Amino acid sequence: MITTVLTNTTTAIFLLAVTLLIAPLAVADDNRVKVIANSNTNLSSLSSSEVRQIYMGGTLSRRFQAVTLPVEHPLRKTFNVSVIGLTENRIQSYWAQLLFTGRSTPPKELSSIADAINFVIKEPAAIAYVSSDTLLPEGVIVVFER
Amino acid sequence: MVTKYMYVVKAFIICSLGASASVFASDTADNFHVSSFGRIVAGTIDTDKTNFHGYDDDISLKTNSLLGIQLNAEATDYLSFTAQGVFRTNEDKDSELDWLYATIQPKNNLTLKVGKLRTPFFMHSDVIDVGYAYHWASPPEQMYGAFFLFPTFEGIDATWGYSGENYDSSFEAYVGQHSGEIKRSNRITDYNVDVLSGFITTLRKENFEFRASFHQGDVSLDIPELNLLSGAIQSFGSFPSTVDALAPDSKVNVYQFGVRYDNLDYFAGLEWVTIDPELKTSMPKIDTFYVTGGYIFNPVTIHLTYAESKVKYSDFPSELNQALAGMSPSDPRYTGLLQSTYGLNFISASRNVDSLKSWTLGARWDIRPKLAVKADVTLLDGAENETAMFDSIKDGFNREAMFYQVAVEWVF
């Protein structure tokens with residue numbers, strides 16, 4: 001009887017531990033993004049600083065057509081937090097400065113990840129971010145992952 | 001010649017924008033963009049003994065509220081035209097086209113702009129009207145409200161960018177001209193900047209942004225009294241130092257350095273500026289800086305700023321007093337020279353000395369992307385024997401006031 005209780009307790013603790021271990025991993029997986037580019041580009045990889053420069057109107061942004069998702073899309077928030085490192089509001093006010101001084105224009109906004117992938121396949125200079133578990137078709141390559 | 005050339009450039013840009021607009025109206029042109037920004041700012045100070053940048057003890061919506069519209073037409077991948085008009089509710093400030101320029105991008109890292117442009121003096125100078133772009137209801141007046149900064153210029157601006165694996169940098173140079181007027185104490189002073197030029201460099205690395213710049217302008221003030229006094233003094237003898245000190249024009253050098261750090265939870269920044277005229281009798285040397293920081297309780301940001309300016313003029317040379325000391329009161333020039341010294345003393349006493357310290361506690365609530373509400377409370381603390389950026393000062397005002405502002409800011 002005691003053995004059964006112990007076994008059940010051990011099982012429960014084991015299951016709890018597994019759940020606690022897996023849960024953060026599952027959440028962490030949701031928080032991962034990869035940046036993709038057209039496979040015909042001569043680009044092999046980008047650093048996180050370069051991705052940030054492209055999405056924040058830096059000099060590099062002229063060479064690429066950055067694609068983003070709508071403000072309400074959860075992956076946009078993930079991208080802002082994990083790659084850009086700023087809140088959506090701060091990014092918006094930063095872009096107001098660039099737009100109204102003629103320095104740069106914000107990334108092109110597309111409604112879904114599928115649209116973003118299709119755009120990258122068609123546009124050699126385009127780059128976009130997708131969730132890490134997105135299955136990628138031929139015509140795109142991963143240039144950055146976080 | 002330059003002015004004539006700028007008229008041609010302006011006419012060309014307006015025609016190009018018009019042509020693009022008609023394309024936009026008749027077709028779904030993807031290369032024509034309309035953007036807008038606006039702000040409604042209510043402000044007041046807690047005393048009836050002075051004004052502060054257009055605010056008194058009544059709540060005013062007119063002083064800084066405005067609506068801006070920007071039209072941008074891309075003619076080719078390398079050429080575009082931009083116009084930005086600002087409609088102001090403040091009757092003392094003209095509603096006009098603040099930006100009207102052609103952009104040429106011959107290379108991915110080189111941008112040329114020709115036309116009417118905002119002068120990029122400091123970190124927020126060229127977006128001073130786009131309140132959504134910064135966290136205050138208004139940036140520190142000691143720096144951004146300095147009375148003889150030239151808000152726009154007509155000329156050319158070239159920006160060259162360079163990016164490394166871990167940083168992004170830019171080098172910008174501009175040259176042009178500007179004319180305008182200073183409104184202060186119910187008096188309007190016209191001024192002209194024949195040659196205005198500057199060089200700006202920026203560096204962005206990780207969450208840091210650095211900006212350093214140098215600007216220079218040949219400023220001529222239209223103050224007839226200076227010429228009259230100078231002419232009178234010359235009629236009494238040779239006083240070259242005093243005559244030079246009364247010259248209404250001077251080369252003005254402006255030095256700026258700024259740094260800002262941003263992350264998900266907080267930001268911090270400081271900016272330091274020196275405005276240094278070569279002749280400091282009519283225009284003062286101004287040393288000013290601010291330190292600011294804020295914490296983000298998303299979507300609300302709470303921030304605190306300390307700002308300070310120190311203003312200093314040169315004294316007039318003492319050669320008139322030296323001449324008087326060695327002159328008999330019966331000398332026919334004596335009375336005239338004595339009155340001239342009174343004139344110099346009057347000019348010295350009536351110069352605005354705008355040293356000011358201030359503390360600002362503010363909040364910005366980003367209601368949703370592109371729409372924010374702000375509230376700032378500022379303690380203004382000047383010296384009692386100076387103007388301290390206050391205007392229309394009445395007797396008994398101790399140069400201390402609370403300045404309250406609430407603003408709604410949007411872009412779309």
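Each chain gets a letter, A, B and so on, in the order its sequence line appears, and its residues count up from 1. Excluded from the calculations below are hydrogen atoms, water molecules and symmetry mates; all remaining heavy atoms, backbone and side chain alike, are included. A quick note: this is a predicted structure, and the numbers were derived from the prediction, not measured.
No part of B:Thr103 comes within reach of chain A, as not one of its non-hydrogen atoms sits under 4.5 angstrom from that chain. At a 4.5 Å heavy-atom cutoff, the contact between B:Leu110 and chain A is made by backbone atoms alone. Proximity to chain A (any heavy atom under 4.5 Å) is shown, for B:Ser170, by neither the backbone nor the side chain. Of the atoms belonging to B:Phe267, not a single heavy atom falls under 4.5 Å from chain A. Only the side chain of B:Asn298 has a heavy atom closer than 4.5 Å to any heavy atom of chain A. Proximity to chain A is absent for every atom of B:Glu409, based on heavy atoms less than 4.5 angstrom apart. Of the atoms belonging to A:Arg90, it is side-chain heavy atoms, and not backbone ones, that fall under 4.5 Å from chain B. Residue B:Ser125 does not touch chain A at all, counting heavy-atom pairs closer than 4.5 Å. Neither the backbone nor the side chain of B:Ser80 comes within contact range of chain A; no heavy atom of the residue lies under 4.5 Å from a heavy atom of that chain. Only the side chain of B:Arg204 comes within contact range of chain A, with at least one heavy atom under 4.5 Å from a heavy atom of that chain. With a 4.5 angstrom heavy-atom cutoff, B:Lys107 touches chain A only via backbone atoms.
In the displayed structure, A:Lys34 atom NZ is contacted under 6.0 Å by more than 12 heavy atoms of other residues, nucleotides or ligands. Other residues, nucleotides and ligands contribute only 12 or fewer heavy atoms inside 6.0 Å of the OH atom of B:Tyr162. Few gaps surround OH on B:Tyr261; more than 12 heavy atoms of other groups in view lie less than 6.0 Å from it.
Inter-residue side-chain proximity for A:Ser93 and B:Arg364 is flagged as met; some heavy-atom pair is nearer than 4.5 Å. Within the 4.5 Å cutoff, the side chain of A:Gln97 has no heavy atoms near those of the B:Tyr132 side chain.
Separating the OG atom in A:Ser48 from the CD atom in B:Glu165 is a distance of 9.5 Å, to the nearest 0.5 Å. The line from CG of B:Asn263 to CD1 of A:Ile84 is 14.0 Å long, rounded to the nearest 0.5 Å.
Contacts from residues 99-109 of chain A to chain B, taken as heavy-atom pairs separated by less than 4.5 Å, involve A:Leu99, A:Phe100, A:Thr101, A:Gly102, A:Arg103 in sequence order. Within residues 52-61 of chain A, the residues having any heavy atom closer than 4.5 Å to a heavy atom of chain B are A:Arg52, A:Gln53, A:Gly58, A:Thr59, A:Leu60, listed by residue number.
For A:Ser39, the side-chain contact (heavy atoms from CB on, under 4.5 Å) partners two or more places apart in sequence, or in a different chain, are A:Ile141. Take A:Phe119 and apply the ring-ring contact (aromatic ring centres under 6.0 Å, His included) test, not counting sequence neighbours, and it matches no residue.
The choice from B:Trp160, B:Tyr134, B:Tyr167 that makes the most heavy-atom pairs within less than 4.5 Å of chain A is B:Tyr167. Among the candidates B:Leu264, B:Thr159, B:Asp129, B:Asn207, the residue making the largest number of heavy-atom pairs closer than 4.5 Å to chain A is B:Leu264. Chain A forms the most heavy-atom pairs under 4.5 Å with one residue out of B:Lys370, B:Arg368, B:His124, and that residue is B:Lys370. Comparing B:Thr301, B:Val411, B:Asn166 by heavy-atom pairs within less than 4.5 Å of chain A, the highest count is held by B:Asn166. Among the candidates B:Arg118, B:Gln84, B:Lys205, the residue making the largest number of heavy-atom pairs closer than 4.5 Å to chain A is B:Gln84.
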